[in-house]
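Just so we're on the same page: letters track the sequence lines, and every chain starts at 1.
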Amino acid sequence: MLDIKYIREHEEEVQKNCYDRSVRVEIKDLLQVDQGRLALIQEVEGLRQERNTIAEQMKSASDEQRPGLIEKGKSLKELLAVKEAQLAEVEQRWMERMMQVPNLTHPDAPFGQTDEENKEIRKYLDPPVIDQPKSHVEIGKELEILDFERAAEVVGNKFYYLKGKLAILEQALIRFALDEAMEQGYQPITTPDLARDEVMSGTGFMPRGNESQIYSIENQQLSLIATAEIPLAGYHMNQTLTEDQLPIRYVGFSHCYRTEAGAYGRESYGLYRVHQFSKVELFVFAAPNQSDAIHEEMLRIEEQLWQKLEIPYRVVDICTGDLGGPAYRKYDIEAWMPGKVTDNDARGSYGEVTSASNCTDFQSRRLGIRMKQKDGTNVYAHTLNGTALATSRAMIAILENGQRPDGTIVVPKALVPYTGFATLN
RNA sequence: GGAGAGGUGGCCGAGUGGUUUAAGGCAACAGUCUUGAAAACUGUCGUACCGGGAACGGUACCGUGAGUUCGAAUCUCACCCUCUCCGCCA
């Protein structure tokens, strides 16, 4: 959520930012609601002041004065109830609009409408030449290490069983990513896989409603998390951190659950888009002047991971129109996936495997994550999140890039100490 | 899941309807004293929002939400959480 004062004082800039980010919100309309809200606040507070004055007078009132004061108090109460109801209604409309306004945008973020206009920053390694590459689904079936059919029987579409060496490979990936992040000063933390709906929405996810990507629990205000970002952001909610505590770096592990409603076709093939996966996530609470540097640090850690996995990738600077609501700036890493089908039905293309976002104070304002500065004043802390490693997509890249003509798969050297084997066969 | 107890400021803790602008203490910060430190003394010491150029004034917040009342930290209800005991259980 943005600061309403900032919106009031920079109406044009905020409106333009919404256009740039392909978000249709009328700031003029928001500010109109805001004005009505301010007027009502003043009215309600004035009535409350009167009420308090009368209550104060009652303390020392004589028996003759009391009935008159009580009458006055009663009528005030009725009027106040009406005004408070109006205010509550306006507050709700106000909040709905506030929630639609996206974060401001980093001045260096590339301008564009769709993901086509994301800017490639750099590439690592050339894609390997593989004769008749198989997809991870085909590989998984042949080696009997990945089973979608039985999962469909047990839970449904877009779930999977990992078997044998692939089950071990997943555990190896998790520990590998944790170790790499810990090496960079990140504190390991395993989070709950569920969170309260208010934490979901505070972090910028919609837990309920038609277009929700979140599984919610019936009869409880709880949902399955879509990413560890949610419980990690919540870890310091409603707290005031001190400036010298920051930055606080976490590397979290959790399962992630997504309904993926309406997502079908090529971009959903196999493990690429599933209802449940495991993810090691970087999350940092930072002072405002630290967040840009931390953002770069996160990207560097992510790149190192993929370099050690020896997977070709490219780094993409996400354009304005493709940034989500909370992100001020976002870098994705797209790994080469030899079996991934392209637009013209050929095989081999890049697929998103990580995403690092600087959310500045957009999440912390809703979640009440403050920082006490040296001078004693409070500001909102900045939050950043980045994928260290999502196991499902990492396994796609490893299976497809590691395939050899004889049908076996080479495990990246960096993982062998964790797996205990060098090939999948 | 059942029974009981409880949730008050950074921390401890008083407070069962209006003398509470949330007592008192601890911690923290500033000052006095001191060669320095400690002690002692004095002072400061929550957050958010509204109005105002500012000084300042106002409103809300005692787990959360609703209610009773002229008036609620205090009474009622629901929920959340913590502790003790019981049950179940990896």
With P as the reference atom in both, quote the distance from B/G10 to B/G46 in angstrom, rounded to an integer.
9 Å
Are the side chain of A/Arg370 and the backbone N or O of A/Ser364 linked by a donor-acceptor pair below 3.5 Å?
no
Nearest-Å distance, CD (A/Glu78) to P (B/G67)?
15 Å
Which value, in whole Å, describes the distance between the C1' atoms of nucleotides B/A28 and B/C11?
11 Å
Please tell me which of the listed nucleotides, B/C81, B/C49, B/C70, lies nearest to the side chain of A/Ile70?
B/C70
Contacts of A/Asp179 meeting salt bridge (Lys or Arg N to Asp or Glu O under 4.0 Å) (sequence neighbours excluded), chain-then-number -> A/Arg175
A/Gln221 has an atom CD; how far is it from atom C1' of B/C80, in whole Å?
11 Å
Aromatic contact, A/His275 with A/Phe277 (centres under 6.0 Å):
no
Roughly, in whole Å, what's the span from CG in A/Leu222 to C1' in B/C80?
11 Å
Applying the 3.5 Å cut-off to both distances, the Watson-Crick or G-U partner of B/G10 turns out to be B/C26
If we take the C1' atom in both B/G63 and B/G57, what is their distance in whole Å?
31 Å
Whole-angstrom distance between B/G17 and B/A27, as gauged at atom P
34 Å
Distance check, C1' atoms only: B/A40 and B/C50, in whole angstrom units.
44 Å
Side-chain atoms of A/Arg196 come closest, of B/G58, B/A60, B/C80, to B/C80
Hunt down the Watson-Crick or G-U wobble partner of B/A90, both distances under 3.5 Å, from any strand shown, or write none.
none
Find the distance A/Gln373:CD to B/G46:C1' and express it as a whole number of Å.
17 Å
Could you list the residues that satisfy side chain to side chain contact (heavy atoms under 4.5 Å, CB included) with A/Lys372, not counting sequence neighbours?
A/Thr240, A/Asn378
By nearest-nucleotide position on RNA chain B, the 5'-leaning member of A/Arg8 and A/Asn378 is A/Asn378
With sequence neighbours excluded, residues passing salt bridge (Lys or Arg N to Asp or Glu O under 4.0 Å) with A/Asp317:
A/Arg329
Who are the salt bridge (Lys or Arg N to Asp or Glu O under 4.0 Å) partners of A/Glu45, not counting sequence neighbours?
none
What's the gap between B/G87 and B/G4 when it is taken at their C1' atoms, as a whole Å value?
15 Å
Stepwise, does the side-chain contact (heavy atoms from CB on, under 4.5 Å) test hold for A/Ile294 with A/Arg249?
CA-CA 10 Å; A/Ile294 299 278; A/Arg249 297 176 170 90; 3.6 Å; yes
Taking 4.0 Å as the cut-off, does a side-chain nitrogen or oxygen of A/Asn52 come that near to OP1 or OP2 on B/A60?
yes
Any-strand Watson-Crick or G-U partner of B/A5, both distances under 3.5 Å:
B/U82
Can you tell which of A/Leu224, A/Thr227, A/Ile214 makes a side chain to side chain contact (heavy atoms under 4.5 Å, CB included) with A/Arg258?
A/Thr227
Please tabulate, for the side chains in residues 64-74 of chain A, all donor-acceptor contacts under 3.5 angstrom to protein atoms that are two or more places apart in sequence or on a different chain.
{"from": "A/Gln65", "atom 1": "OE1", "to": "A/Ser62", "atom 2": "N", "distance (Å)": "2.9"}
{"from": "A/Gln65", "atom 1": "OE1", "to": "A/Ser62", "atom 2": "OG", "distance (Å)": "3.2"}
{"from": "A/Arg66", "atom 1": "NH2", "to": "A/Met58", "atom 2": "O", "distance (Å)": "3.1"}

Measure from the side chain of A/Arg370, starting at C-beta and using heavy atoms only, and say which of B/U47, B/U69, B/A60 lies closest.
B/U47
Taking only Lys NZ, Arg NE, NH1 and NH2, and the carboxylate oxygens of Asp or Glu, determine whether A/Lys279 and A/Glu229 approach each other closer than 4.0 Å.
no
Tell me which nucleotide, if any, is Watson-Crick or G-U wobble paired with B/C70 when both distances must be under 3.5 Å.
B/G18
Pick from A/Asn385, A/Leu384, A/Asn103: which one makes a side chain to side chain contact (heavy atoms under 4.5 Å, CB included) with A/Asn358?
A/Leu384
Whole-Å gap separating C1' (B/G51) and CG (A/Leu47):
16 Å
Please enumerate all residues that pass side chain to side chain contact (heavy atoms under 4.5 Å, CB included) together with A/Val379, with sequence neighbours excluded.
A/Pro288, A/Met371, A/Gln373
Tell me, which of residues 224-232 of chain A have any heavy atom that sits under 4.0 Å from an atom in RNA chain B?
none
Which base sits across from B/A39 as a Watson-Crick or G-U pair, both distances under 3.5 Å?
none
In Watson-Crick or G-U wobble terms, both distances under 3.5 Å, what is the partner of B/G46?
B/C61
Would one find a side-chain N or O of A/Lys77 under 4.0 angstrom from OP1 or OP2 of B/G71?
yes
All side chain to side chain contact (heavy atoms under 4.5 Å, CB included) counterparts of A/Lys165, not counting sequence neighbours:
A/Phe421, A/Leu424, A/Asn425
In whole angstroms, the gap separating C1' of B/G1 from CD of A/Gln220 amounts to 13 Å
Give, ordered by number, those residues of residues 25-46 of chain A having at least one heavy-atom distance below 4.0 Å to an atom of RNA chain B; if nothing qualifies, reply none.
A/Leu38, A/Gln42, A/Glu45
Using the P atom on both, measure B/G58 against B/A14 and round to a whole Å.
31 Å
Taking only the P atom of each, what is the distance from B/U76 to B/C88 in whole angstrom?
34 Å
The Watson-Crick or G-U wobble partner of B/G51, with both key distances under 3.5 Å, is B/C56
So does A/Lys72 get a side-chain nitrogen or oxygen closer than 4.0 Å to the phosphate oxygens (OP1/OP2) of B/C70?
no
Residues which pass side chain to side chain contact (heavy atoms under 4.5 Å, CB included) with A/Asp20, listed by chain and number, not counting sequence neighbours
A/Lys16, A/Phe111, A/Thr320
The criterion is salt bridge (Lys or Arg N to Asp or Glu O under 4.0 Å); which residues satisfy it with A/Lys119, sequence neighbours excluded?
none
Which residues in residues 85-93 of chain A have at least one heavy atom lying under 4.0 Å from any atom of RNA chain B?
none
Roughly how many Å is it from CZ in A/Arg48 to C1' in B/A72, rounded to a whole number?
14 Å
Taking only the side-chain nitrogens and oxygens of A/Lys372, find out if one of them lies under 4.0 Å from OP1 or OP2 of B/G46.
no
Expressed as a whole number of angstroms, how long is the span from A/Arg66:CZ to B/C70:P?
13 Å
Complement of B/C33, any strand, by Watson-Crick or G-U distances under 3.5 angstrom:
none
